Trainee: 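The structure is given below, and queries will be raised subsequently.
In what follows, every heavy atom counts, from backbone to side chain, and hydrogens, waters and symmetry copies are set aside. It should be emphasised that the depicted structure is a prediction, and the values quoted were computed from it without experimental measurement.
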Amino acid sequence: MSVSHSSRLNKLVREQYVRLPQDGLVQVTYVWIDGSGEGVRCKSRTLDKEPKSIEDVPEWNFDGSSTAQAEGSNSDMFLVPVRMFRDPFCLDPNKLVLCEVLKYNRKPAETNLRHTCKKVMDLVKDSHPWFGMEQEYTLLGVNGHPYGWPDNGFPGPQGKCPYYCGVGADKVYGRDIVESHYKACLYAGVKICGTNAEVMPSQWEFQVGPCEGIEMGDHLWMARFILHRVCEDFGVVATLDPKPMTGNWNGAGCHTNYSTEEMRREGGLKHIEAAIEKLSKRHDYHICVYDPRGGRDNSRRLTGHHETSNIFEFSAGVANRGASIRIPRQVGQDGYGYFEDRRPAANCDPYAVTEAIMRTTVLNETGVETKDYAGH
């Protein structure tokens, strides 16, 4: 099995250092999204005392020319702390801090999509939007081959789906990684709410939510960071590629469950149907923001096969996993609840996805252009 060299280091030796007393000092790890719009970076510093709120964590900076976010001649970028979590790797009282990235002139970096998302979420806060996102990912060896697959071949086909929520060494690969990630997220304070093995072997999913407003993107990004760190310890790679294996294998999405307060009340189904109608008229706009490459990544996944809709067509239905929008059967029976947008790719930016949904369903935007709410 192709695992990294660092994963073979003696982890028990590390433990004796992790548990050494810190004499009141605190290690804070700053986490941010890099210039790819998909990758996360981090670096750490020492604070004199444990921060009790995000306001206690000072701004910092980094070399943007090394993260594809600035030129070498003007490379300093600002890290602005926005949400704090417990550190499951260095343990209490140490912290993980998610940051926004600002350029030298204090304007948001191009991949800082949180900035506009926060403005939109503040505008729609009276709707109390709740989100739950289902993050699919695939475990790979460091050689890029799916973890647990035969070195020179393929596992048994998906067929009648022996792998989905499977149990047994011949059906699931890497459960130790998945369960470690789950526990690490719980410790950190990430709102992880579940996990399961997916249809393609070595593919998994974790769910985060319900989260209100901007909290959704913050918690999903931190869950992703923790996943990559856990995989680092085990010597494997977690990819969010929407179609990691070509051929007759499922792709990877980030299905987004969504509701407003009026959708969650009795009679809310009519509000759900009204929101879906608005989404149906703005399909092209959503496809463009549901992966980092304007729909090119999703075009490999949204083929109309393997539990997906066709990227060129909008569809909706009750309990239909081949539709763009799925209304859960229970919601159809109860007449209120939420719906699931199945179009976002696994490598989507959750800030972009949740912002787009609010712009269309609550702020009633139409067409492919977005409005600037800077004056609000």
Trainee: Would you indicate whether the side-chain heavy atoms of T111 and Q69 approach each other to under 4.5 Å?
Mentor: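 Yes, their side chains come closer than 4.5 Å.
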Trainee: Run the salt-bridge test on K49 and D56 with the 4.0 Å N-O cut-off and return the result as yes or no.
Mentor: no
Trainee: If the test is side-chain hydrogen bond (donor to acceptor under 3.5 Å, both in side chains), which one of D297, T256, D341, N298 qualifies with Y290?
Mentor: D341
Trainee: Kindly work out whether a path of hydrophobic side-chain contacts (I/L/V/M/F/W/Y, heavy atoms less than 4.5 Å apart) joins V28 to L98.
Mentor: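 Result: no, two separate clusters.
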Trainee: Among side-chain atoms of S44 and T29, is any donor-acceptor pair under 3.5 angstrom?
Mentor: yes
Trainee: Can you give me every donor-acceptor pair (side chain of residues 161-175, partner residue at least two apart or in another chain, under 3.5 Å) with its distance?
Mentor:
{"from": "Y163", "atom 1": "OH", "to": "G156", "atom 2": "N", "distance (Å)": "3.2"}
{"from": "Y163", "atom 1": "OH", "to": "G156", "atom 2": "O", "distance (Å)": "2.5"}
{"from": "R175", "atom 1": "NH2", "to": "G166", "atom 2": "O", "distance (Å)": "2.9"}

Trainee: Take N61 and M77 through the side chain to side chain contact (heavy atoms under 4.5 Å, CB included) test and state the conclusion after the steps.
Mentor: CA-CA 5 Å; N61 57 70; M77 309 282 285; over 6 Å; no
Trainee: Return yes if a side-chain donor-acceptor contact under 3.5 Å exists between T116 and E355, otherwise no.
Mentor: yes
Trainee: Starting from the C-alpha separation in whole Å, work towards a yes-or-no answer on side chain to side chain contact (heavy atoms under 4.5 Å, CB included) for C231 and V237.
Mentor: CA-CA 6 Å; C231 285; V237 175; over 6 Å; no
Trainee: Hey, is NZ on K281 packed in by over 12 heavy atoms from elsewhere, all under 6.0 Å?
Mentor: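 No, not enclosed.
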Trainee: Inspect the surroundings of NZ in K118 and state if more than 12 heavy atoms from other residues, nucleotides or ligands are less than 6.0 Å away.
Mentor: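 Atom NZ in K118 is not crowded, with 12 or fewer foreign heavy atoms closer than 6.0 Å.
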Trainee: If you draw the axis of the six-membered ring of F78, does the NZ or CZ of R106 fall within 45° of it and under 6.0 Å from the ring centre?
Mentor: yes
Trainee: Any donor-acceptor pair under 3.5 Å linking the side-chain atoms of H255 with those of R326?
Mentor: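 There is no such pair between these side chains.
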Trainee: With the threshold set at 4.0 Å, does a side-chain nitrogen-carboxylate oxygen contact exist between E212 and K125?
Mentor: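 No, this pair does not count.
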